Amino acid sequence: MRHPLVMGNWKLNGSKHMVNELIAGLRTELSGVDGCGVAIAPPVMYLDLAKHALSGSHIALGAQNVDVNLSGAFTGEVSAEMLKDIGAKYIIIGHSERRTYHQESDELIAKKFAVLKATGLIPVLCIGETEAENEAGKTEEVCARQIDAVLNSQGAEAFKDVVIAYEPVWAIGTGKSATPAQAQAVHKFIRGHIAKKDAAIAAQVIIQYGGSVNDKNAAELFAQPDIDGALVGGASLKADAFAVIVKAAAAAKNT
């Protein structure tokens, strides 16, 4: 049985005060909640502060990006070994904002995936289609291509103990969201696509939904058989809103 994971992506938001206050709120709101893994990904500047604030809790530390290099003359970059050293566990790669604003290719993201696996960190591989691609009926084609960048270069085994986050780009920060049935159909396709190479690996991979999850749609989304939690943006910046999503995931997978 897969263990759901809800992860908060703080994006470019934060301050020392916010880190301490938000994590204190999360610890209170999520006290006694089990049945669902929880992680947060603050900006890299605040990872160490967050790690100390999380000490003794069941909330894991994540990060929003990683470089393909482990060391060297790469000004401004952060390596997988540095992230591991500071205590991060889950590393987001391939987010649509990185693909769009930083022109990150499928090939580059696959290299990041490989570096994280080699370092013993857990990739959270973001995939998903734009609104234009969705309207053109290319959702499955896009998701397959983004998965295949890893699948064809590293094999199905690379997806062991990995997280995939399906994020319909048209639903991020727009207030729009795929219906539970639409999201389930894509999640089922993703799992089935990996299963063509290795059914056992496909069965255990965690596939999150990452498109405007909130207190209104969380329960229905998590009730779907192939949706294993969520990658949460804006709602993760408020302890009570994020806790509602975590509790919904825990409840849905324990019924």
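Keep in mind that what you see is a predicted model, and the values were worked out from it rather than measured.
Not one N or O on the side chain of Asn69 forms a donor-acceptor pair closer than 3.5 Å with the backbone of Ser71. Within the 3.5 Å criterion, the main-chain N or O of Val169 finds no donor-acceptor partner in the side chain of Ser96. Here the side chain of Asp198 pairs no donor or acceptor atom with the backbone of Ile194 at under 3.5 angstrom. Between the side chain of Asn217 and the backbone N or O of Ser212, at least one donor-acceptor pair lies under 3.5 Å. Tyr101 places no side-chain N or O within 3.5 Å of a backbone atom of Gln103 that could act as its donor or acceptor partner. Here the side chain of Lys84 pairs a donor or acceptor atom with the backbone of Thr119 at under 3.5 angstrom.
Between the side chains of Glu133 and Thr130, at least one donor N or O sits under 3.5 Å from an acceptor N or O. For the residue pair His95/Glu167, the side-chain donor-acceptor check at 3.5 Å is satisfied. The closest side-chain donor-acceptor pair between Glu129 and Tyr166 falls under 3.5 angstrom. No side-chain donor from either of Asp106 and Gln146 sits under 3.5 Å from a side-chain acceptor of the other.
Enclosure of atom NZ in Lys111 is not indicated, since only 12 or fewer non-hydrogen atoms of other residues, nucleotides or ligands lie within 6.0 angstrom. Within 6.0 Å of atom NE2 in His102, more than 12 heavy atoms from other residues, nucleotides or ligands are found, so the atom counts as buried in its surroundings. For Gln204, the CD atom is densely surrounded, since the number of other residues' heavy atoms within 6.0 Å is greater than 12. For CE of Met45, the number of neighbouring non-hydrogen atoms (other residues, nucleotides, ligands) closer than 6.0 Å is 12 at most.
When side chains are defined from C-beta on, Leu22 counts as touching Trp10, because their heavy atoms get closer than 4.5 Å. Inter-residue side-chain proximity for Leu47 and Leu83 is flagged as met; some heavy-atom pair is nearer than 4.5 Å. Between Ile92 and Leu125, every side-chain heavy-atom pair lies at or beyond the 4.5 Å cut-off. The side-chain heavy atoms of Pro123 and Ile91, taken from C-beta on, include no pair separated by under 4.5 Å. Residues Glu140 and Val186 have side chains not in contact (no heavy-atom distance under 4.5 Å, counting atoms from C-beta outward). The closest side-chain heavy-atom distance from Val68 to Leu108 is below 4.5 Å. Residues Phe189 and Thr139 form no side-chain contact, since every pair of their non-hydrogen atoms from C-beta on lies 4.5 Å or further apart. The closest side-chain heavy-atom distance from Ile23 to Leu54 is below 4.5 Å.
Criterion: ILVMFWY side-chain heavy atoms under 4.5 Å apart, direct or through other members. Under it, Ile93 and Ile147 are part of a common hydrophobic cluster. Note: the hydrophobic cluster containing Leu5 does not contain Ile40 (ILVMFWY, side chain heavy atoms under 4.5 Å, direct or indirect links). Residues Val66 and Ile164 share a hydrophobic cluster, clusters being chains of Ile/Leu/Val/Met/Phe/Trp/Tyr side chains in contact below 4.5 Å. Cluster membership for Leu26 and Val6, using ILVMFWY side-chain heavy atoms within less than 4.5 angstrom, is shared. Ile245 and Tyr209 fall within a single hydrophobic cluster, where Ile, Leu, Val, Met, Phe, Trp and Tyr side chains are chained together by heavy-atom contacts under 4.5 Å.
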Problem set entry | side chain to side chain contact (heavy atoms under 4.5 Å, CB included) between Asp67 and Val78, worked out | CA-CA 6 Å; Asp67 190 50; Val78 178; 6.0 Å; no
Exercise. Can Arg98 and Glu104 be said to form a salt bridge (charged side-chain N to carboxylate O under 4.0 Å, His left out), step by step?
Worked result: CA-CA 6 Å; Arg98 297 291 310 179; Glu104 293 193 357; 3.0 Å; yes
For this session: List the steps and the verdict of salt bridge (charged side-chain N to carboxylate O under 4.0 Å, His left out) for Arg2 and Asp228.
Result: CA-CA 7 Å; Arg2 295 183 303 275; Asp228 309 315; 2.9 Å; yes
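Here the shortest heavy-atom pairing between Ala241 and Ala235 reads CB-O, 3.7 Å. Glu29 and Ala243 make their closest contact through CB-CB, 3.5 Å (heavy atoms, listed as atom of the first residue, atom of the second, distance). The nearest pair of heavy atoms linking Gln184 to Pro225 is NE2-CG, 3.5 Å. When all heavy atoms of His3 and Gly35 are compared, the pair lying nearest together is CE1-C, 3.3 Å. The minimum heavy-atom distance between Ile201 and Ala156, with the atom names listed, is CG2-O, 3.3 Å. The two residues Ala149 and Ala110 have their closest heavy-atom pair at O-CB, 3.5 Å.
Within the structure, ring-ring contact (aromatic ring centres under 6.0 Å, His included) pairs that include any residue of residues 105-144 comprise Phe113-Phe159 (at least two apart or interchain). Judged as a side chain to side chain donor-acceptor pair (under 3.5 Å), the pairs with a partner in residues 47-65 (not counting sequence neighbours) are, in order, Asn65-Lys112.
The CD1 atom of Ile227 lies 10.0 Å from the CZ atom of Arg191; values are rounded to the nearest 0.5 Å. With rounding to the nearest 0.5 Å, the separation of CG in Leu61 from CE in Met7 is 8.0 Å. Between the CD atom of Gln224 and the CD1 atom of Ile207 there is a distance of 13.0 Å, given to the nearest 0.5 Å. The structure places CD1 of Ile109 at 11.0 Å from CD1 of Ile127, a figure rounded to the nearest 0.5 Å. Taken from SG in Cys126 to CD in Glu97, the straight-line distance is 9.0 Å, to the nearest 0.5 Å. Rounded to the nearest 0.5 Å, atoms NZ (Lys138) and CZ (Arg145) are 9.5 Å apart.
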